[in-house]
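Every number for a ligand or one of its atoms is a count from 1 in the order of the listing.
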Amino acid sequence: MKPLLILSVILCALGGSTQAADKPKILFDTDITGDVDDVLALAMCHTLADRGACEFLGVTVSKNNPLTASFVDAQNTFHGRPDLPVGVTRDAKAQHRESKYLKLADSADYPHDLKRNEDAKDAVELIRELLTAQPDHSVTIISVGIASNMANLLKSPGGVDLVKQKVKALSIMAGAFAFCNRTNYHLEANVINGIGYMQTVADQWPDEVPIVWSGYEIGEALPFPRVVIQRDLDYRPHHLVKEAYLLHSGPEHDRPCWDESSVLWAVYPERGFFGLSEPGRVKVLDDGFTRFIPVKNGQGSQRDRFLTMSSVQQSRALEAIVHLTIQPPPAK
Ligand SMILES: [Ca+2]
């Protein structure tokens, strides 16, 4: 065997074993109530786990609505994971949000057994439990709502050290880092609906654990095609994702894929679906604006980066999101 060939065989073998060890373990923290992109993002998490691309540890909910645990369990059951752990916030100060689609949890079309938030675990307790059980530096947290659970995790006893020890990265949908929504000073919902929580995350998240921010501008540039909802989800007589989308956005709207972008980066960070900004630090201002302060001359925190996206990446990312969202769940 030629030396070059031997080297490539060794590298392949190493690559294979590294890949298995590095399979992302994901924890999905969502404010599944108001917008419907959380439902599509949760569908993606299930598909990615079905494909063996990640290990799906659990779901936590960051906003208050009595139907959140029931809906999440209904969706987890729909996707073939009826026993996936579900936690809900017990923080009364976290925003309460009405929902156009959570009522699907009460439909006989979506059987499941967790019916009341009172029977779900406390979100922070569940996150702590799941993190504690995992190897060091192995868990990617995907947070796509207000930051109540992330902030309360950091404030819990030993919370910062637990994050430092167990978390590999935080993939968060929050803020805005480019011109978007016709302004260069967009105040993004996940921040302004709980500014104090996001400030706690930005200020207290350990410097050693990277945060990748998907700003409003990324999802805004990824409109989920309405035709997919109209035509591609009839493989089941009742499709939870389709019905939730229609209840929220109606049939004539291409809903931006804000939350889906954070899932895609979390599981496939090296696939080039997105670019990354230079490193720096996000400061959450008192009005909710996210100011990015880049590293200067190698000085300062390098914890944070935000997603960027070229037009080629936009096409690839949107197509990947679409197909990861609509892949049929495994047969029952
Ligand atoms: Ca969300």
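Closest approach between the Ca ion (ligand 1) and any N/O/S atom of D31 involves OD1. Summary: OD2 is the N/O/S atom of D259 found nearest to the Ca ion (ligand 1).
Aromatic ring centres of H239 and F78 lie closer together than 6.0 Å.
Counting non-hydrogen atoms of other residues, nucleotides and ligands closer than 6.0 Å to NZ of K100 gives a total of 12 or fewer.
Among the atoms of V144, an N, O or S atom falls under 3.0 Å from the Ca ion (ligand 1). Between the Ca ion (ligand 1) and D38 there is an N/O/S contact shorter than 3.0 Å.
Remark: of the listed residues D29, D38, I172, D38 is the sole one forming a side-chain contact (heavy atoms from CB on, under 4.5 Å) with V144.
A cation-pi contact links R316 to F273, judged by a cut-off of 6.0 Å to the six-membered ring centre and 45° from its axis.
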